[in-house]
Amino acid sequence: MLESKLLRGNIDFVVEQLKRRNFSFDVAEFNKLEDQRKVIQVQTQDLQNLRNTKSKAIGQAKASGENIEPLLEEVSDLGEKLDNAKSALNDLQLKIDEIVMAIPNIPHPSVPEGQSEDDNIELLKWGEPKKFDFELKDHVDLGEMHGIDFAVAAKISGSRFVVITGKLAKLQRALTQFMLDHHTEVNGYTETYVPYLVNADSLTGTGQLPKFEADLFKTRLHGEEGEAKALYLIPTAEVPVTNIVRDSILKDSELPLKFVAHTPCFRSEAGSYGRDTRGLIRQHQFEKVELVQISNPDNSYDVLEELTEHAEGILKLLELPYRKVILCTGDLGFSSAKTYDLEVWLPGQAAYREISSCSCFEGFQARRMQIRWKNPQTKESEFLHTLNGSGLAVGRTLVAVIENYQNADGSITIPKVLQGYMGGITKIK
RNA sequence: GGAGGGAUGGCAGAGCGGUUGAAUGCACUGGUCUUGAAAACCAGCAAGGGCUAAUACCCUUCCAGGGUUCGAAUCCCUGUCCCUCCA
């Protein structure tokens, strides 16, 4: 949600900025609705004022024992007028909200112009992709040798699910543990356990609803009808974690809040038929360790750099080659003002693939969620900035480890930092 | 499964249907006092919105949504969450 001040006072700027990310909306219609809203809101409030004053007068008259009949006469048709005005205002407000909630965030000035992911700009490369002197396998072939089973998962659930058994299952757990330990012990995040089913308000807060419901798994309680009961499986821990502070006013001394959470993530992957059908890259259910920070608005872009480095730190410790990319305006997510993607080298695909996405949302989510702080300078309640990033996507990290650490005999070497989590073994044979 | 009790400002906690947006305490902010601090005393202190050059003023909000009423924190209904008891 953009600032209403901006929408009302500087709509041309908004339109121009949104054009950068290929989003256009009907300014004339919006302005028309806004103008109507003003008029009707003033009318409604005047009527409410009238009712309040009259009612008070009746109260006073009654207290002093006067006849209140004539006064009652005066307000006889007020109720109906007020109801009409209120419902007109309400209809208008719903229409305006619908438009406003569908407007994406404005890109930060430092975000490069572009149409699609092809226009994203590589900022740096770290590590050298390893040369293999034998015929490479991808994680699917290697995984089948060590306990990854897509066929069984298809029987249990369907496509885009997986069953992992044995050492690789443990390796995934080791990766998770390692990431959580590192972020809590070294980077100062607070480990957080959260619900995996969330209500519509939470998803509206972070921006997945109302626009992207098709990307989500929606549940309903057995025998229950109606939207109010619907819960959704989380597409990322960002949703429950950021919503921890929904509707709160934080103290300056509490900031920044730094949460790390490991959760499964559930995505319908509607619209991605045929993409990444092989392997673990694109699943309906996958594990992720998520970093979330709630920051003072003044230094949120420093926080974005820091948070991205925290994610990069995991890749470095795992000695996985990666590159850092800044998303162009056309590829930026709906709620984000600026996003860095980290892409890990996958020898099986001979390509860099996204393993972390780190974003600053500025006040976009905070306004939807009413996340505020008392600014000690202004003494006002002001919106905070929210940020998050994967630290990392565990399923994809497992893929990266399997492929980058493979040996000629099909065995997989355990990265040094994980050996302690794997009972000291150095290889999965 | 059934029966009760509760939800009020940052926190605790009052609140006969009528100047109650809400007593009081704590916390917080400013001031007096003090060499400084504490204590004491005085004052201030909810959020969102409208209108405005800005004050002023106005509207909304006492869990949520409906209802009764000229008027609802207060009465009624539904829901959510918390607590107690019974089977």
Without swapping roles, check the side chain of H183(A) against the backbone of L291(A) for a donor-acceptor pair under 3.5 Å. no

Strictly under 6.0 Å, is that where the ring centroids of Y301(A) and H385(A) end up? no

Among G18(B), A47(B), G49(B), find the nucleotide with the atom closest to the side chain of Q41(A). G49(B)

Compare the minimum distances between each of A47(B), C59(B), G18(B) and the side chain of Q45(A), then state the nucleotide with the smallest one. C59(B)

Nearest nucleotide by nearest heavy atom, which residue falls closer to the 5' end of RNA chain B, G59(A) or K38(A)? G59(A)

If the threshold is 4.0 Å, N to carboxylate O, is there a salt bridge linking E305(A) and K324(A)? yes

From C51(B), C58(B), C70(B), pick the nucleotide closest to the side chain of N49(A)? C58(B)

Rounded to whole Å, CG of D46(A) lies from P of C57(B) at a distance of 16 Å

Let me know which of L307(A), L255(A), L257(A) forms a side chain to side chain contact (heavy atoms under 4.5 Å, CB included) with Q293(A). L307(A)

Testing G49(B), U60(B), G48(B) for proximity to the side chain of Q48(A), the answer is U60(B)

Would you kindly give the CG-to-P distance between L78(A) and C70(B), to the nearest whole Å? 11 Å

One should read off an interatomic distance between Q283(A) CD and R267(A) CZ, to the nearest 0.5 angstrom, of 12.5 Å

C59(B) P sits how many Å from L47(A) CG, rounded? 12 Å

When L387(A), V111(A), L332(A), L327(A) are each screened for side chain to side chain contact (heavy atoms under 4.5 Å, CB included) with K338(A), the one that passes is V111(A)

Taking the P atom of each, how far is A87(B) from C11(B), in whole Å? 38 Å

N105(A) side chain to F361(A) main-chain N or O, any donor-acceptor pair under 3.5 Å? yes

Establish whether the base of U19(B) is bridged to the side chain of Q60(A) by a donor-acceptor pair shorter than 3.5 Å. yes

Trace of the side-chain contact (heavy atoms from CB on, under 4.5 Å) decision for K95(A) with Q36(A): CA-CA 11 Å; K95(A) 276 188 202 159; Q36(A) 288 176 3; over 6 Å; no

Quantified in whole Å, what is the C1' atom distance between nucleotide C16(B) and nucleotide A22(B)? 15 Å

Please measure how far the P atom in G21(B) lies from the corresponding atom in A72(B), and state the result in whole Å. 11 Å

Which whole-number value in Å describes the distance from D247(A) CG to C62(B) P? 15 Å

Helical stems, RNA chain B - three or more consecutive Watson-Crick or G-U wobble pairs below 3.5 Å: B:1-7 with B:80-86, B:10-12 with B:24-26, B:28-32 with B:40-44, B:46-50 with B:57-61, B:63-67 with B:75-79

Of all of residues 84-99 of chain A, which get a heavy atom below 4.0 angstrom from RNA chain B, listed by number? none

If we take the C1' atom in both U69(B) and C77(B), what is their distance in whole Å? 16 Å

Whole-Å P distance, U84(B) and G10(B): 27 Å

Looking only at side-chain atoms of R37(A), point me to the closest of C51(B), U60(B), C70(B). C51(B)

P-based separation of G15(B) from A23(B) [nearest Å]: 14 Å

G71(B) and U19(B): how far apart are their P atoms, nearest whole angstrom? 15 Å

Rounded to whole Å, how long is the line connecting atom CG of D252(A) with atom C1' of A27(B)? 17 Å

Please determine if a side-chain N or O atom of N52(A) lies less than 4.0 Å away from the OP1 or OP2 oxygen of C58(B). no

Under 3.5 Å donor-acceptor, R37(A) side chain and I96(A) backbone: no

R367(A) side chain N/O closer than 4.0 Å to the phosphate oxygens (OP1, OP2) of G48(B)? no

Whole-Å distance between U19(B) C1' and K54(A) NZ? 17 Å

Distance-only donor-acceptor check, side chains E238(A) and T206(A), under 3.5 Å: no

CG-OG distance between L315(A) and S356(A), expressed to the nearest 0.5 angstrom: 7.5 Å

Between G13(B) and G65(B), how far apart are the P atoms? Round to whole Å, please. 25 Å

Nearest-nucleotide comparison on RNA chain B, the residue closer to the 5′ end among E382(A) and T53(A): E382(A)

In whole angstroms, the gap separating P of C81(B) from CG of D201(A) amounts to 14 Å

Distance (rounded to the nearest 0.5 Å) between L304(A) CG and N388(A) CG: 10.0 Å

Side chain K56(A) and base G18(B) donor-acceptor under 3.5 Å: no

Output yes when at least one side-chain N/O atom of R372(A) is less than 4.0 Å from OP1 or OP2 of G48(B), else no. yes

Separation of atom CG in D35(A) from atom C1' in C51(B), rounded to whole Å: 15 Å

